[in-house]
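Below is one structure, written out as structure tokens, with a few remarks after it.
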Amino acid sequence: MLYIGIDLGTSAVKLLLVNEKGKILSDVSEEYPLFFPQAGWSEQNPEDWYNAVIKGLDKLLGGVDKLQIKGIGIGGQMHGLVILDKEDNVIRPAILWNDGRTEKQVEFLNNTIGRDKLSEYTANIAFAGFTAPKILWVKENEPENFNRISKIMLPKDYIAYRLTGVHSCDYSDASGMLLLDVKNKCWSAEMLEICGVKKEQLPALYESYDSVGTVKTEIAEQFGLKDVTVVAGAGDNAAAAIGTGTVGEGKCNISLGTSGTIFISSEGFGVDNQNALHSFAHADGNYHLMGCMLSAASCNKWFMDDILCDRDYSALQSKITDEMLGRNNVYFLPYLMGERSPINDTNARGTFTGLTMDTSREDMLLAVLEGVAFAIRDSFEKAKELGIKIEASNICGGGAKSPLWQKILANVLGIRLDKVKTEQGPGYGGAILAMVGTGAYKNVHEACSRLVEISSSVYPDEKLTALYDKKYKNFSRLYPALKDIFKELKS
């Protein structure tokens with residue numbers, strides 16, 4: 001039997017064709033535009049996502065026995081606000097996870113409603129990227145659009161709707177809306193009232209491996225499919241965690257994608273007392289803690305593509321010698337889109353510190369790679385404060401393809417990093433969820449134990465880890481020193 005995994009990313013959708021043994025038979029990618037109507041805003045057109053998915057399916061299924069296709073699972077960018085009218089037409093472009101326009105609404109939720117109340121209602125506090133502040137922004141700034149809302153959806157769920165005709169959402173993705181009572185896995189009545197949302201405007205909730213329906217007749221006929229199940233899927237980080245086998249108590253996954261995350265799975269519900277980490281449901285049916293930074297591999301892309309105008313990433317990285325690691329006097333704050341975990345500051349901005357006349361391109365690039373690693377360690381330290389002991393982590397995402405970046409991160413965190421054989425995190429996780437949802441495996445844990453293999457590991461070096469400990473202490477002083485300046489720059 002064959003399964004399709006879909007990864008609805010920020011810049012492109014990736015589709016995988018996978019057999020029941022977990023082997024990826026083929027993959028395709030289709031890009032779509034990203035719009036920045038104002039500084040700090042980030043939007044996309046949901047129709048562009050769907051068109052890219054259909055185009056990708058056409059390529060993916062060429063020459064394939066379509067009757068072997070049994071299931072589709074989708075992992076996708078989280079938090080994006082998709083609003084539909086009563087005819088299920090998109091009302092306005094989707095406001096994305098990395099959009100920073102909701103500073104006022106976040107302040108209202110955290111300070112007027114109160115962080116304690118939010119944590120009680122949802123197990124989380126408000127961040128600019130979350131969906132609830134976006135709903136409030138539309139309500140306050142586009143009341144005509146708000147009054148037309150019939151259904152509120154997340155990005156991957158819009159694709160599931162277009163494929164099945166069913167309005168659905170899984171618990172992992174819903175956790176990032178600030179509308180879900182995460183502990184009890186139901187919509188929070190208090191948050192719906194605060195946002196002026198009716199329960200019927202929200203989709204039905206499912207576990208990530210649950211079937212939400214089958215592919216619509218017209219789409220099935222277009223591609224020659226028959227009785228193909230679509231499962232609820234998961235938010236991209238939870239889907240990536242499934243794709244890397246990060247299930248069960250205390251397992252960890254670090255993703256170096258457009259954004260960066262540290263994902264810690266748990267069999268029980270728990271909340272960080274400071275709400276610096278997100279407390280979400282996991283795609284395996286349990287829970288997880290997660291720290292998320294808004295700009296990770298995108299920092300490297302920005303510096304190489306836009307500043308140096310050099311797309312040969314590996315060539316420049318090859319000039320960074322082992323002797324340079326831990327000894328670089330240049331520091332970089334990776335807050336190009338503001339920041340979420342753990343500082344929760346939309347005003348934060350990227351900076352280089354320590355530049356001198358002899359600073360080289362290599363010094364600055366190394367500072368970028370180190371800055372992202374240090375920012376991930378910020379969340380890592382919060383997990384340690386909770387008594388969570390992390391001795392190793394999986395690593396995935398585009399940035400994880402860099403051996404240099406792996407080495408830096410392993411030594412900044414002081415832990416072993418494992419790469420899995422299959423590097424298609426969210427898409428592969430979506431395919432695994434589809435296998436579980438169609439009965440190929442009895443549960444997610446069994447599927448991951450059978451399908452996910454470690455291909456290589458990077459170990460920290462004691463001396464280099466000590467050097468990076470000192471550098472991290474310096475890095476940790478930069479944001480507090482610049483916080484007020486960032487706020488003045490924004491105003």
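The figures that follow rest on heavy atoms only: side chains count, while hydrogens, waters and symmetry mates do not.
Ring to ring, F269 and H282 are not that close: their centroids are 6.0 angstrom or more apart.
No donor-acceptor distance shorter than 3.5 angstrom exists from the side chain of E193 to the backbone of E190, with no hydrogens or angles considered. Although no hydrogens or angles enter the test, the distance criterion places a donor-acceptor pair under 3.5 Å between the side chain of K134 and the main chain of G129. Panel note: side chain S168, backbone A232; no donor-acceptor pair is recorded below 3.5 Å. At least one donor-acceptor pair under 3.5 Å links the side chain of S172 to the backbone N or O of G235. Using modelled atom types, one side-chain atom of N411 and one backbone atom of K407 make a donor-acceptor pair closer than 3.5 Å. Using a distance-only test at 3.5 Å, with no hydrogens or angles considered, a donor-acceptor pair links the side chain of W187 to the main chain of P203. The backbone N or O of A126 lies less than 3.5 Å from a partner atom in the side chain of N110, making a donor-acceptor pair. Distance alone, capped at 3.5 Å, is enough to place a donor-acceptor pair between the E249 side chain and the E267 backbone. Between the T261 side chain and the F263 main chain, no donor and acceptor come within less than 3.5 Å of each other. Judged purely by atom type and a 3.5 angstrom limit, K389 has no side-chain atom pairing as donor or acceptor with the backbone of K384.
The environment of CD in E120 is crowded: more than 12 heavy-atom neighbours from other residues, nucleotides or ligands sit within 6.0 Å. Residue E107 places its CD atom among 12 or fewer non-hydrogen atoms of other residues, nucleotides or ligands, all under 6.0 Å distant. Heavy-atom neighbours of D116 CG from other residues, nucleotides or ligands within 6.0 Å: at or below the threshold of 12. Other residues, nucleotides and ligands contribute only 12 or fewer heavy atoms inside 6.0 Å of the NZ atom of K183.
For R377, the salt bridge (charged side-chain N to carboxylate O under 4.0 Å, His left out) test picks out E381, D469, with sequence neighbours left out. Evaluation of the salt bridge (charged side-chain N to carboxylate O under 4.0 Å, His left out) rule for D99 yields R101 as partners, not counting sequence neighbours. In this view, D484 satisfies the side chain to side chain contact (heavy atoms under 4.5 Å, CB included) rule with no residue, not counting sequence neighbours. Listed by chain and residue number, E140 satisfy the salt bridge (charged side-chain N to carboxylate O under 4.0 Å, His left out) test with K104 (two or more places apart in sequence, or in another chain). The salt bridge (charged side-chain N to carboxylate O under 4.0 Å, His left out) test applied to R416 returns D418, not counting sequence neighbours.
With rounding to the nearest 0.5 angstrom, the CG atom of L482 is 11.0 Å from the CG atom of D345. Atoms NZ and CD1, on K139 and I149 in that order, are 10.0 Å from each other to the nearest 0.5 Å. With rounding to the nearest 0.5 Å, the separation of CG in L96 from CG in L34 is 6.0 Å. For the atom pair CG of L180 and SG of C169, the computed distance is 8.0 Å after rounding to the nearest 0.5 Å. One finds the NZ atom of K117 at 10.0 Å from the CD1 atom of I113 (value rounded to the nearest 0.5 Å). Considering CG of L136 and CZ of F108, their distance stands at 6.5 Å, rounded to 0.5 Å.
There is no side-chain donor-acceptor pair under 3.5 Å between S150 and D85. No hydrogens or angles considered: a donor-acceptor pair under 3.5 Å links the side chains of S360 and D363. N124 and T122 form no side-chain donor-acceptor contact under 3.5 Å, judged by distance and modelled atom types alone. Side chain to side chain, Y32 and N45 fail the donor-acceptor criterion of an N or O pair below 3.5 Å. For the residue pair S295 / W302, no side-chain donor-acceptor distance below 3.5 Å is found, with atom types taken as modelled. The closest side-chain donor-acceptor pair between K156 and Q77, if any, does not fall under 3.5 angstrom. Between the side chains of T422 and Q424, no donor-acceptor pair of N or O atoms lies under 3.5 Å.
No salt bridge links D88 with K151; every basic N to acidic carboxylate O contact stays at or beyond 4.0 Å. Contact check on K301 versus D306 returns no salt bridge, with no Lys/Arg side-chain nitrogen under 4.0 Å from an Asp/Glu carboxylate oxygen. Contact check on R92 versus E43 returns a salt bridge, with a Lys/Arg side-chain nitrogen under 4.0 Å from an Asp/Glu carboxylate oxygen.
Cation-pi geometry between R162 and Y50 is met: the NZ or CZ atom falls under 6.0 Å from the ring centre, inside 45° of the normal. Figure legend: cation-pi geometry between K185 and Y287, with NZ or CZ positioned under 6.0 Å from the six-membered ring centre and within 45° of its axis. Both tests pass for K471 against the ring of Y331: distance under 6.0 Å to the centre and angle within 45° of the axis.
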- Task: Any chance you could lay out the side chain to side chain contact (heavy atoms under 4.5 Å, CB included) test for W41 and N98, step after step, and finish with the verdict?
- Result: CA-CA 8 Å; W41 291 23; N98 57 353; over 6 Å; no

- Message: side chain to side chain contact (heavy atoms under 4.5 Å, CB included) for M290 and L277? Distances and angles first, verdict last.
- Response: CA-CA 5 Å; M290 184 176 71; L277 302 178; over 6 Å; no

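Pairs passing the ring-ring contact (aromatic ring centres under 6.0 Å, His included) check and including a residue from residues 140-162, sequence neighbours excluded, read Y161-H167.
Aromatic ring pairs are classed by plane angle as parallel below 30°, tilted from 30° to 60° and perpendicular above 60°; the pair F475 and F374 is tilted.
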